[in-house]
Amino acid sequence: MKGGARCIDAAQLAVLRERYPRAFARTPRERAVFAAILVGLAAFVMFGLYQFDASPVRIWNGLERFGKIAGALFPPTPGDAFWDLVKAMLETIGMAFLGTLIATCIAFPLGFFGARNVVKLPLFRFPIRRSFDFLRGVDALVWALVYVRAVGLGPLAGVLAIATTDIGILSKLFAEAIENVDRKQADGVQATGANAVQRLRFGILPQVLPIMISNALYMFESNTRSATILGIVGAGGIGFHLSDRIRAHRWDEVGFIIIMIIVVVALIDFISHMLRTRVIKSGTNRALLLETYHEQQRAGVR
Amino acid sequence: MSSQASAAIARFEEEFARLRRRQRIQLLVFAAILLALFFGAAEVSNFRLDRLLAGLPRIGEYIGKTLPEIRINSFFGDIAYWYYGFFRWLGLLLDTLLIALMALLFGSVGGFLLSFPASRNLSGNVVVYFICRRLAEIARTVPEIVYALIFVVAFGIGPLAGFLALSVHAVGAMGKLYAEANENIDERQLEGIRAAGGNWFEMIRFAVLPQVLPNFMTYTLWRLELNIRSAAIVGFVGAGGIGQELYTAISFNYYEDVSAIVLMVVLTIMIIDLVCERLRHKIIGKDNLQ
């Protein structure tokens, strides 16, 4: 590279710059658009902060108070309720597990009804798909509050809340998995003289089952996170203790509970991830492909 | 010949029966484990069938009560009566939207900055990588509403607390997602920039960003959908938006308000989801054309 004709000197560079301006810099129009976007964002932020009533004094005082709180989180201590907290944590996991299990059982048939290649008439499919949207559009915490009113305080409300949202999410994911199956296998089963049920059982189910299990496991993982907060509205689990300690400003205990949540969630994530990898690997190649697709879909729903 | 064939068939049958047996045993073991887990979970979370059956009719009753009375001959009057607080709720819904969008902006900028030191292949320093990655994971594990509870104490009741809560959570969540996208890039382009004498920032700008920007944009749109959902509920603990109103309506049994507000929230979420999906397809479509 040293010296030779391959190197470009300043004059050549200037020529090139003139001939291909876009390779060297943005056009004035692009620069104007970029600047306009920046100005717009800045204006939006100013408007937002104004709307939130965020004066510098308020932010400063808040940060100071937050600093004190953050300092008070350490050293974390369970107070005198360590076993109560452990019990509440187990209750949280139990709620997530039951909610997911119930939702999976209900979403399994619903998924077939929402799939384009099973229910062919859009007239039937449309209201089913929209009701999935409605179920998952309402957050589990809202359902929890409603169920607490209907069935009373306690984890039952939490289980039902998780199940309700999950029916919406899982049915949608199941329906999409079923829509994406390889038709040829189902056709092959049909060609041997199978009826509609046998076609589902031997042509479609083997393809989608690994994905369904993987999705259910993923939802269990995500529900463990949601279940930690349902107690805030009285629907059982660790959330009750957490909001109780925050309202009483017992920050060291808050710190302990938060660490507990982080550890348990990480543990459940790890176990679920391990199981999911095994389930998917035992499936076909297609399952692997669909799983990558669903990985993206799920990031959207949760 | 035929004895050979029948022997082969017998071998096949034997093998088939063996596989079936193994499958059945596996199935039984899994069923047993699942059942044990089910009873364990039912035990710790106090889940009883009789309580569930007693509760189910009350849920139906409750939902029935929230539905407004709408007659054909006074249709518009009934709708107006049902949505008597429409403009106030609309204002609160806009607040909710603002919380979600502001948190999206701060969260994506924060996550963007955090993602580079939190990527194994870009951070250059294992300690920095480890700390940044764990920081992002911890920030995203703590639920928004817990941050909201704490920020309400620190910053006072109102949307500021909700915005901050969602932002902190989003920085963690997006930092992790972005970092994962960074780790999946084609490393050869990094080497190209490095070989041409580019520094770290030039490497990020010219080797990483062109590869990950479409991913970042789809993740950001996903985040918007999640942020809207969270912004609608942080009001439960006093952190602004429509949640406060919904909480009051449910707590004080203003039945018809509950259905009215929930319907508005769900419609908003559906619209945002739809818009995001369109935009996502557009981004992915453009990406595929290139």
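Just so we're on the same page: letters track the sequence lines, and every chain starts at 1.
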Would you tabulate the side-chain donor-acceptor contacts of residues 151-168 of chain A under 3.5 Å, counting partners in other chains and residues two or more places apart, or write 'none'?
residue	atom	partner	partner atom	Å
A:Thr164	OG1	A:Tyr147	OH	2.8
A:Thr164	OG1	A:Leu160	O	2.6
A:Thr165	OG1	A:Ala161	O	2.9
A:Asp166	OD2	A:Asn223	ND2	2.5

TODO: Heavy atoms only: give me the nearest B:Ala173-B:Arg140 pair and the separation to one decimal.
DONE: N-CB, 3.5 Å
Open item on the list: Less than 4.5 Å to any heavy atom of chain B: does that hold for the side chain of A:Thr228, its backbone, both, or neither?
Closed with: side chain
Open item on the list: Using a 4.5 angstrom heavy-atom cutoff, name the option from B:Thr268, B:Leu267, B:Leu149 with the most pairs to chain A.
Closed with: B:Leu149
Task: Least distance between heavy atoms, B:Glu225 atom then B:Asp273 atom - done: CG-OD1, 3.3 Å
- [ ] Could you look at B:Phe38 and say if it's the side chain, the backbone, both or neither that has a heavy atom under 4.5 Å from chain A?
- [x] both
Task: Derivation and outcome, salt bridge (Lys or Arg N to Asp or Glu O under 4.0 Å), residues B:Glu61 and A:Arg149 - done: CA-CA 11 Å; B:Glu61 213 173 282; A:Arg149 292 270 126 192; over 6 Å; no
Open item on the list: At under 4.5 Å between heavy atoms, what parts of residues 249-262 of chain B are in contact with chain A? List them by residue number.
Closed with: B:Ile250, B:Ser251, B:Asn253, B:Val262
TODO: Go through the atoms of A:Val233 and report whether side chain, backbone, both or neither lie under 4.5 Å from a heavy atom of chain B.
DONE: side chain
Task: A:Glu91 bridged to A:Lys87 by N-O distance under 4.0 Å - done: no
Task: Spacing of CD1 belonging to B:Ile138 relative to CD1 belonging to A:Ile261, to within rounding of 0.5 Å - done: 13.0 Å
TODO: Identify the two heavy atoms, one from B:Leu166 and one from B:Ala103, that lie closest to each other, and give their separation to 0.1 Å.
DONE: CB-CB, 3.4 Å
TODO: Rounded to the nearest 0.5 Å, what's the gap from CZ on B:Phe151 to OG on B:Ser167? Could you check?
DONE: 8.5 Å
Open item on the list: At a heavy-atom distance under 4.5 Å, which candidate from A:Gly62, A:Gly48, A:Gly94 has the highest pair count against chain B?
Closed with: A:Gly62
Open item on the list: So which atom in A:Pro210 and which in A:Pro206 form the shortest heavy-atom distance, rounded to 0.1 Å?
Closed with: CD-O, 3.5 Å
- [ ] Would you mind checking which part of A:Ile69 comes under 4.5 Å of any heavy atom in chain B, side chain (CB onward), backbone (N, CA, C, O), both or neither?
- [x] side chain
Task: chain B contacts, top residue of A:Leu98, A:Leu90, A:Leu49 (heavy-atom pairs, under 4.5 Å) - done: A:Leu98
Open item on the list: Using heavy-atom distances under 4.5 Å, tell me whether A:Ile258 contacts chain B through its side chain, its backbone, both, or neither.
Closed with: side chain
- [ ] Look at A:Asp53, A:Leu101, A:Thr92 and state which one has the largest set of heavy-atom pairs under 4.5 Å with chain B.
- [x] A:Leu101
Task: Top contributor to chain B interface from A:Ala54, A:Ala150, A:Ala70, A:Ala266 [non-hydrogen pairs under 4.5 Å] - done: A:Ala150
Open item on the list: Sub-4.5 Å heavy-atom contacts with chain A: which residues of residues 152-164 of chain B show up?
Closed with: B:Val153, B:Ala154, B:Phe155, B:Gly156, B:Ile157, B:Pro159, B:Leu160, B:Phe163
Open item on the list: I'd like to verify something: which residue of A:His249, A:Arg58, A:Glu64, A:Met95 has the highest number of heavy-atom pairs under 4.5 Å with chain B?
Closed with: A:Arg58
- [ ] Working to the nearest 0.5 Å, report the span between CD1 of B:Ile272 and CG of B:Leu224.
- [x] 5.5 Å
TODO: Among the options B:Arg51, B:Met102, B:Glu43, B:Arg58, pick out the one with the most heavy-atom pairs lying under 4.5 Å from chain A.
DONE: B:Met102
Task: Per-residue contact mode, A:Leu141 against chain B (heavy atom under 4.5 angstrom) - done: both
Open item on the list: Below 4.5 Å, heavy-atom pairs only: which of B:Leu56, B:Asp95, B:Leu101 has the largest tally toward chain A?
Closed with: B:Leu101
Open item on the list: Using 0.5 Å steps for rounding, measure from the OH atom of B:Tyr178 to the CG atom of B:Asn215.
Closed with: 10.5 Å
Open item on the list: Taking the six-membered ring of B:Tyr219 as reference, does the cationic atom of B:Arg223 (NZ for Lys, CZ for Arg) lie under 6.0 Å from its centre and within 45° of its axis?
Closed with: no
Task: Charged tip of A:Arg130 within 45° of A:Phe134 ring normal and under 6.0 Å - done: no
- [ ] Quick one: closest heavy-atom pair of B:Val142 and B:Tyr147, and the distance?
- [x] O-CE1, 3.4 Å
Task: N-O pairing of A:Arg247 and A:Asp244 below 4.0 Å - done: no
Task: Main-chain N/O of A:Val265 paired to A:Arg225 side chain as donor or acceptor, under 3.5 Å - done: no
TODO: Return the option, out of B:Ile63, B:Val265, B:Ile150, with the maximum number of heavy-atom pairs under 4.5 Å with chain A.
DONE: B:Ile150
Task: Which atoms of A:Leu73 approach chain B - backbone, side chain, both or neither, heavy atom under 4.5 Å - done: neither
Open item on the list: Using heavy-atom distances under 4.5 Å, tell me whether A:Phe97 contacts chain B through its side chain, its backbone, both, or neither.
Closed with: side chain
TODO: Report, as yes or no, whether the 6.0 Å neighbourhood of atom CZ on A:Phe44 holds more than 12 heavy atoms from other residues, nucleotides or ligands.
DONE: yes
Open item on the list: For a quick test of reading the model, state the closest non-hydrogen atom pair linking A:Ala144 to A:Leu230 and the distance between them.
Closed with: CB-CD2, 3.9 Å
Task: Atom pair CG/CD1 of A:Leu217 and A:Ile268 - distance to nearest 0.5 Å - done: 10.5 Å
TODO: Among B:Ile269, B:Val266, B:Thr141, B:Leu98, single out the residue with the greatest number of heavy-atom pairs under 4.5 Å to chain A.
DONE: B:Leu98
- [ ] Side chain from CB out, backbone as N, CA, C, O: work out which of these in B:Ile99 comes under 4.5 Å of a heavy atom of chain A, or both, or neither.
- [x] both
Task: Check: B:His169 side chain, B:Pro143 main-chain N or O, donor-acceptor pair, under 3.5 Å - done: no
Task: Nearest-0.5 Å distance, CG of residue B:Leu226 to CH2 of residue B:Trp222 - done: 10.0 Å
Open item on the list: At under 4.5 Å between heavy atoms, what parts of residues 240-248 of chain B are in contact with chain A? List them by residue number.
Closed with: B:Leu246, B:Tyr247
Open item on the list: Please determine whether the number of non-hydrogen atoms from other residues, nucleotides or ligands lying under 6.0 Å from atom CZ of B:Arg278 exceeds 12.
Closed with: no
